[in-house]
J.: 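The structure under discussion is supplied below as structure tokens; questions concerning it will follow.
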Amino acid sequence: MSNSAAGPSSKSKAGSSQSYETTSFKRKRGLFQKDLQHMMYGFGDDANPLPETVALVEDIVVEYVTDLAHNAQDIGSKRGKLSVEDFLYQIRKDFPKLNRCTELLSMQEELKQARKAFEVDEEKLASIE
């Protein structure tokens with residue numbers, strides 16, 4: 001019963017991602033292996049997970065991010081440019097992801113302002129001496 005329920009959705013998902021796979025470049029496997037191992041350990045997996053498991057998780061993550069980027073690009077192409085709002089629009093229904101993204105974007109803006117203020121203070125100190 002679970003096979004028949006999972007069949008159509010997995011086929012449609014595989015069919016939609018194949019159009020991008022045929023036009024995209026071959027990616028280098030294992031690029032995120034160490035980072036994923038640490039993340040998996042942080043979420044309760046073994047300190048040294050099986051290489052097959054890490055490869056599977058990497059494939060899933062890369063496919064998700066690639067699909068997200070392609071969908072955002074499709075939305076952005078209607079306006080003529082790709083922006084952060086296109087990505088936020090893609091994850092608008094996933095509230096934890098949306099909240100985390102907006103939090104990180106606001107932290108990035110705060111860091112920019114702090115660096116800018118620090119550079120101005122440094123220039124003032126240099127001009128005084």
J.: With a 4.5 Å cut-off on side-chain heavy-atom distances among I, L, V, M, F, W and Y, is there a chain of contacts connecting L56 to L36?
T.: no
J.: I need the minimum non-hydrogen distance between A69 and F87, along with the two atoms involved.
T.: CA-CE2, 3.8 Å
J.: Below 4.0 angstrom, N of the basic side chain to O of the carboxylate: do R100 and E103 qualify?
T.: yes
J.: What residue among M40, E52, M39 forms side chain to side chain contact (heavy atoms under 4.5 Å, CB included) with V57?
T.: M40
J.: Below 4.0 angstrom, N of the basic side chain to O of the carboxylate: do R79 and D86 qualify?
T.: yes
J.: Please confirm whether R115 makes a cation-pi placement over F118, using NZ or CZ under 6.0 Å from the six-membered ring centre and within 45° of the ring normal.
T.: no
J.: Evaluate whether atom CG of N48 has more than 12 neighbouring non-hydrogen atoms of other residues, nucleotides or ligands under 6.0 angstrom away.
T.: no
J.: Could you measure the distance from the CD1 atom of I91 to the CG atom of N71? Nearest 0.5 Å is fine.
T.: 12.5 Å
J.: Ignoring hydrogens, what is the shortest heavy-atom contact between Y64 and K97? Give both atom names and the distance.
T.: OH-NZ, 3.0 Å
J.: Within the distance-only criterion (no hydrogens, no angle test), does the side chain of T53 pair as donor or acceptor with the backbone N or O of P49 below 3.5 angstrom?
T.: no
J.: Following the transitive rule for hydrophobic clusters with a side-chain heavy-atom cut-off under 4.5 Å over Ile, Leu, Val, Met, Phe, Trp and Tyr, establish whether L82 and L68 coincide in one cluster.
T.: yes
J.: Between Q33 (side chain only) and V54 (backbone N and O only), is there a donor and an acceptor less than 3.5 Å apart?
T.: no
J.: In the single-linkage hydrophobic clustering (I, L, V, M, F, W, Y; side-chain heavy atoms under 4.5 Å), do V65 and L98 co-cluster?
T.: yes
J.: Could you check E109, K116, E110 and say which one makes a side-chain hydrogen bond (donor to acceptor under 3.5 Å, both in side chains) with Q113?
T.: E109
J.: Looking at every heavy atom in both Y89 and I75, which two are closest together, and how far apart are they?
T.: CD2-CD1, 3.3 Å
